[in-house]
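To start, the structure under review is shown below, and the notes come after it.
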Protein chains: 2
Amino acid sequence: MTTNERVDLDERLRAAGYRVTGPRRAVWNALRAASGHVTAEQLTAQVTPSGQADQASVYRTLALFEQLGLARQSRLGDADAARWEVAHPDEHFHLVCANCGDIDHHVGSLVSRIRDHLEGDHRFEVRDVELVVTGICARCRDDEDTP
Amino acid sequence: MTTNERVDLDERLRAAGYRVTGPRRAVWNALRAASGHVTAEQLTAQVTPSGQADQASVYRTLALFEQLGLARQSRLGDADAARWEVAHPDEHFHLVCANCGDIDHHVGSLVSRIRDHLEGDHRFEVRDVELVVTGICARCRDDEDTP
DNA sequence: CTAAATGCAAACTCTTTGCAGATCC
DNA sequence: GGATCTGCAAAGAGTTTGCATTTAG
């Protein structure tokens, strides 16, 4: 599976006329290994000690991945740093727990419903929907109920 | 109406134990005058030349307004700077046009439907919903169709 | 071999902070 | 009068960039 991922990246890069390099593989692997929603700083920490890629390369690589549709950037709520994740083809949105800080994906039909609503009634050509819900997750609610 | 707004701010500040000052009024007025979704920098530009408030005060004041529920901060898409608007009590979300840069409010039942969905099925206590849709607005689509 | 990519360090943007002096109540 | 707030300037995060060197194709 690791092999599959790597091959996929290589092909995508070559297909777009970019070179396959160590730093790019390293950032890609770190991004996949992360549970999603990592900052560039976290990826850098993961990748610089072993000398796989410099901080500047991490930023440059992430920008490239975004452009190629491989990664997705988002600023959840009022967070200071941008967060990165592997681009998912499926409709999803983010649930941010204000208590424990956990960020969950929530897959559902909501995003496509929003899409349909805007395309139909309002003639707005939707390119991207970013839905971030802040609140208290089920686990934290349970902890509060039974202290 | 300008009087009403000012009185409202004054009361809100006093009720929370804060002082009514020139800079706070100036930032509030600039925020109301703006069509929404202004950056702190834009507000500063509006307010510093006439010596009504310093940049640092703009930031401090906006943070205070947010805490009092008078203003709302959001980072639309991958924008670098945060954008501010007067807090609306009604359910709404943002439509960002990738072509002309226009940001529209869209008022509708979608946000409350998202809320209900999560509260009901998933026991997630919703505190805030931020929905940002990026795409091409109706006007820009028309311009492309009829060049 | 040559264009593209990297590392390093410095620059840049947005935002926050420390502190002396001004201001509201 | 005394705590709160402000302006100024400097510091702090996060991110980008210029340039010499390395590297993939």
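Between the P atom of C:dC24 and the CG atom of B:Asp10 lies a distance of 12 Å, rounded to the nearest Å. At whole-Å resolution of the value, CD in B:Gln52 and P in C:dA22 are 20 Å apart. In this structure, B:Leu64 places its CG atom 14 Å from C1' of D:dT6, rounding to the nearest Å. Atom P of nucleotide C:dA4 and atom CD of A:Gln67 are separated by 14 Å, given to the nearest angstrom. In this structure, CH2 of A:Trp28 is placed 19 Å from C1' of C:dA5, rounded to the nearest angstrom. With rounding to whole Å, A:Trp84 atom CH2 is found 15 Å from D:dG14 atom P. For the pair B:Asp54 CG and C:dT17 C1', the computed distance is 12 Å after rounding to whole Å. Atoms CZ (A:Arg24) and P (C:dG7) sit 11 Å apart, rounded to a whole Å.
In the set D:dT15, C:dT15, D:dC8, the nucleotide with an atom closest to the side chain of A:Ala81 is D:dT15. Listed nucleotides: D:dG7, D:dG14, C:dT15. Nearest to the side chain of A:Glu41: D:dG14.
Ion pairing between B:Asp8 and B:Arg32 fails under the 4.0 Å rule for side-chain N and carboxylate O.
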Applying side chain to side chain contact (heavy atoms under 4.5 Å, CB included) to B:Leu62 and B:Leu43, what does each step give before you reach the verdict? CA-CA 10 Å; B:Leu62 287 172; B:Leu43 291 171; 3.9 Å; yes
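Using a 4.5 Å cut-off on side-chain heavy atoms (C-beta onward), B:Thr134 and A:Glu130 make no contact. For the pair A:Arg83 and A:His94, the minimum side-chain heavy-atom distance is 4.5 Å or more.
Nearest heavy atom pair, residue B:Glu85 against residue B:Ser74, reads OE2-OG, 4.4 Å. B:Ala87 and B:Gly69 get closest at one heavy-atom pair: CB-O, 3.4 Å. Across every non-hydrogen atom of A:Arg123 and B:Asp142, the tightest pair is NH2-OD1, 2.7 Å.
Fit an axis to the five pairs at each end of the helix from C:dC1-D:dG25 to C:dC25-D:dG1 and the two axes sit 30° apart, to the nearest 10 degrees.
Listed by first then second residue, pairs satisfying ring pair (Phe, Tyr, Trp, His ring centres under 6.0 Å) with a partner in residues 124-143 of chain B number zero, not counting sequence neighbours.
Below 30°, between 30° and 60°, or above 60°: for A:His106 and A:Phe93 the angle between ring planes is between 30° and 60°, a tilted geometry.
Contact annotation: B:Tyr59 reaches the phosphate of C:dT15 (side-chain N/O to OP1 or OP2, under 4.0 Å).
Looking at heavy-atom distances under 4.0 Å, B:Ala63 makes no contact with the nucleic acid at all. Residue contacts for A:Gln55: at a heavy-atom cut-off of 4.0 Å it reaches a base atom on one of the strands shown.
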For a quick check, with a 4.0 angstrom heavy-atom cut-off, what is the B/S/- contact string for nucleotides 18-25 of chain D, read 5' to 3'? B----BBS
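Map A:Thr61 and B:Thr39 each onto its nearest nucleotide of DNA chain C; the residue landing nearer the 5' end is A:Thr61.
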